[in-house]
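Position 1 is the first residue of the sequence, and the numbers go up from there.
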Amino acid sequence: CVAWCIVARHAVERRDHGRTDAGMTDAAADRAERPAIDWNANDFLDGDSLDRELRRVFGVCHDCRRCSDLCDSFPRLFDLIDGPGNGALDDVKSGDFAAVVDACTLCDMCQPACPYTPPHVHAVDFPDLMTRYRAWEKRESRRGIFELELGKTDRNGRLMGFLAPVANWAARRKNRLTRPLMEAVAGIHRDAVLPQFHATTFTKRAASAPPAINDAAPAHGRKAVLYATCFVEYNNPGIGAAALSVLARNGVETTTAYPTCCGMPQLERGDIASVCERAVRIAAELGGWIDKGYDVVSLVPSCTLMLKTIWPRYLADDPAVSKLAAHTSDIVDYIVGIARREGLAEGLAPLKGGVALHHACHARARNEGRKSAVMMRMIPDCDVLVIEGCSGHGGSWGVMKDNFPVGLKIGEPVARLVAEGGRRYLVSECPLAGDHIAQGLERLRENETTEFGAAAAMRSHHPIELLAMSYGIEE
């Protein structure tokens with residue numbers, strides 16, 4: 001009875017995986033730091049060793065079930081074990097575990113929720129295990145060619161930027177010529193929103209027209225280098241432009257750098273060697289800026305997570321990677337730091353209509369609190385509704401034919417909370433998550449007769465874009 005009461009309590013605690021800030025608590029910031037990963041160990045890619053670890057961890061998860069509503073991996077796992085013909089983990093064929101791994105988006109949200117993470121004796125780290133499995137799949141050539149090619153963001157960004165008008169035309173959901181073809185050939189769902197491309201990259205735009213620095217601002221004297229990230233560099237330069245303008249308004253001397261993608265798409269596909277190669281290259285270039293007295297500021301939370309948390313675990317003995325992790329901030333964290341230490345420059349004006357703020361998974365995974373909510377509340381009279389929960393996107397995972405409907409289902413509680421909140425602005429630190437929530441709002445509007453608030457009709461913004469708007473900066 002006691003055991004069932006504990007399980008029931010956990011179920012109530014996790015019942016609404018789209019939740020508002022009423023009653024929310026921070027992730028377990030006091031947990032022990034996750035240990036380094038020895039991905040070169042002899043047994044890391046050994047099939048038998050991997051299978052034993054899968055069964056050990058899956059057994060713990062099956063007994064606990066605390067994460068049953070976080071993503072589709074856990075329902076698939078429990079159905080696999082409890083389904084007809086099984087009834088026990090030993091009855092499940094090892095080949096059937098692939099479906100569980102395929103549903104993982106590496107959002108890392110099961111990690112702070114899990115009561116069995118290190119230093120607990122069970123030492124469960126579900127995201128690490130999923131990455132290890134995918135690394136084994138890569139070695140065994142079990143990853144699809146189009147899935148691998150989709151993750152080559154730098155090559156794709158340069159090529160599609162050169163062909164931007166044609167690429168953006170082909171990516172439109174209403175294009176009934178190209179989208180069915182993309183679905184049939186590449187497995188990209190015909191209804192999924194795809195990122196836009198631009199002929200001129202963010203770093204080139206920034207170099208051509210840098211904003212004037214406000215030398216009267218309290219934070220004047222700070223210096224920062226923006227790590228552009230592949231998404232801002234090729235797909236959404238507006239986020240970078242807003243960051244440059246807000247920092248200049250606050251007296252920060254700012255430059256930009258983009259050596260290459262951080263490797264998150266490669267991590268999702270198990271290409272750990274590529275991730276580490278990118279980490280070494282980026283750490284070397286950005287380390288030079290650190291030596292000149294610059295702070296490193298990342299513009300997308302997934303990339304911030306890579307620089308600060310993931311790279312140091314795969315390259316624990318690399319001093320340049322550790323140095324970069326110690327000197328890197330997310331743009332939201334950096335602005336909040338300025339506000340707390342020196343104070344923001346004057347000029348922020350109210351934005352009417354309120355903000356529905358999605359606290360993105362990879363921002364939550366860093367265990368640094370809801371800084372984006374703090375930043376939005378710096379806007380005068382800003383009515384902020386904070387929503388925690390998975391958007392259902394998961395990078396390129398969410399646009400694939402087999403995953404897109406699942407992603408919309410996972411993200412529906414968040415989309416519904418945004419819709420019912422009636423705020424004018426939809427905001428997420430993760431631009432892909434924001435776009436996916438906006439598409440979920442669109443689906444709710446199409447499929448239900450309920451009247452939703454104004455936010456249901458609005459596009460998503462990054463928090464730094466709203467701060468720029470509050471300053472009267474229009475890009």
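For Gln196, the CD atom sits in a packed shell: over 12 heavy atoms of surrounding residues, nucleotides or ligands are nearer than 6.0 Å. Heavy atoms of other residues, nucleotides or ligands lying less than 6.0 angstrom from NZ of Lys223 number more than 12. Open room surrounds CG on Asp381; 12 or fewer heavy atoms of other groups in view lie less than 6.0 Å from it. Heavy atoms from other residues, nucleotides or ligands lying under 6.0 Å from NZ of Lys371 number more than 12. The 12-atom threshold is exceeded at CZ of Arg176, counting heavy atoms of other residues, nucleotides or ligands nearer than 6.0 Å.
The minimum heavy-atom distance between Ile379 and Pro350, with the atom names listed, is CG2-CA, 4.3 Å. Pairing each heavy atom of Leu299 with each of Gly240, the nearest pair is CD1-CA, 3.9 Å. Taking each heavy atom of Val101 and Arg134 in turn, the nearest pair found is O-NH2, 2.7 Å.
Judged purely by atom type and a 3.5 angstrom limit, Asn250 has no side-chain atom pairing as donor or acceptor with the backbone of Val252. No side-chain donor-acceptor contact under 3.5 Å links Trp397 to the backbone of Leu106. The backbone N or O of Ala242 lies less than 3.5 Å from no partner atom in the side chain of Ser245, so there is not a single donor-acceptor pair. For His198 (side chain) and Ala164 (main-chain N/O), no donor-acceptor pair under 3.5 Å exists by modelled atom type. The backbone N or O of Ala170 sits less than 3.5 Å from a side-chain atom of Thr178, completing a donor-acceptor pair. Side chain of Arg459 to backbone of Ala438: no donor-acceptor contact under 3.5 angstrom is found. Using modelled atom types, no side-chain atom of Thr131 and backbone atom of Gly270 make a donor-acceptor pair closer than 3.5 Å. No donor-acceptor distance shorter than 3.5 angstrom exists from the side chain of Asp318 to the backbone of Pro312, with no hydrogens or angles considered. At distances below 3.5 Å, at least one donor-acceptor pair connects side-chain atoms of Gln439 with backbone N or O atoms of Val193. Judged by distance alone, the side chain of Tyr258 and the main-chain N or O of Val232 form no donor-acceptor pair under 3.5 Å.
Going from atom OH of Tyr334 over to atom CG of Leu226 covers 9.0 Å, rounded to the nearest 0.5 Å. Residue Asn235 holds its CG atom at 7.0 Å from SG of Cys230, rounded to the nearest 0.5 Å. The CZ atom of Arg142 lies 6.5 Å from the OH atom of Tyr133; values are rounded to the nearest 0.5 Å. The line from CD1 of Ile331 to CD1 of Ile239 is 11.0 Å long, rounded to the nearest 0.5 Å. We find the NE2-OG1 distance between His362 and Thr304 to be 11.0 Å, quoted to the nearest 0.5 Å.
Using modelled atom types, one finds a donor on one side chain and an acceptor on the other under 3.5 Å when comparing Ser396 with Arg269. Judged purely by distance below 3.5 Å, without hydrogens or angles, the side chains of Arg278 and Thr260 pair a donor atom with an acceptor atom. A donor-acceptor pair shorter than 3.5 Å cannot be found between the side chains of Thr309 and Arg313.
Of the candidates Val427, Leu357, Leu417, Leu417 is the only one forming a side chain to side chain contact (heavy atoms under 4.5 Å, CB included) with Ile387. Under the side chain to side chain donor-acceptor pair (under 3.5 Å) test applied with Tyr234, the options Asn156, Thr153, Asp154 reduce to a single match, Asp154.
The pair Arg370-Glu388 meets the salt-bridge criterion, since a charged nitrogen lies less than 4.0 angstrom from a carboxylate oxygen. Between Glu149 and Lys152, at least one side-chain nitrogen of the basic residue sits less than 4.0 Å from a carboxylate oxygen of the acidic one, meeting the salt-bridge criterion. Ion pair Arg76/Asp102 not flagged as a salt bridge, since none of the NZ, NE, NH1 or NH2 atoms sits closer than 4.0 Å to an Asp/Glu carboxylate oxygen.
Glu277 has its side chain out of reach of Asp271: every pair of non-hydrogen atoms, C-beta onward, lies at least 4.5 Å apart. The closest side-chain heavy-atom distance from Thr203 to Glu233 is below 4.5 Å. A heavy-atom distance below 4.5 Å is found between the side chains of Phe231 and Pro431. Val374 places a side-chain heavy atom less than 4.5 Å from the side chain of Arg340. Looking only at side-chain heavy atoms (C-beta outward), Asp125 and Gln111 come within less than 4.5 Å of each other. A heavy-atom distance below 4.5 Å is not found between the side chains of Cys390 and Met109. By the 4.5 Å heavy-atom criterion applied to side chains, Asn175 and Trp169 are counted as neighbours. Here the side chains of Tyr294 and His327 are not in contact, with every heavy-atom distance at 4.5 Å or above.
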Full working for salt bridge (charged side-chain N to carboxylate O under 4.0 Å, His left out) between Lys308 and Asp333
CA-CA 13 Å; Lys308 290 186 68 64; Asp333 301 339; over 6 Å; no
Where do His220 and Ile213 land on the side chain to side chain contact (heavy atoms under 4.5 Å, CB included) test, with the steps shown first?
CA-CA 8 Å; His220 183 253; Ile213 298 174; 4.0 Å; yes
Test log, rule salt bridge (charged side-chain N to carboxylate O under 4.0 Å, His left out), inputs Lys401 and Glu183:
CA-CA 7 Å; Lys401 180 174 64 175; Glu183 183 176 276; 5.5 Å; no
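Annotation: Phe126 is in aromatic contact with Phe74 [ring centroid separation under 6.0 Å].
Classification of the His461-Tyr425 ring pair by plane angle, with boundaries at 30° and 60°, yields perpendicular.
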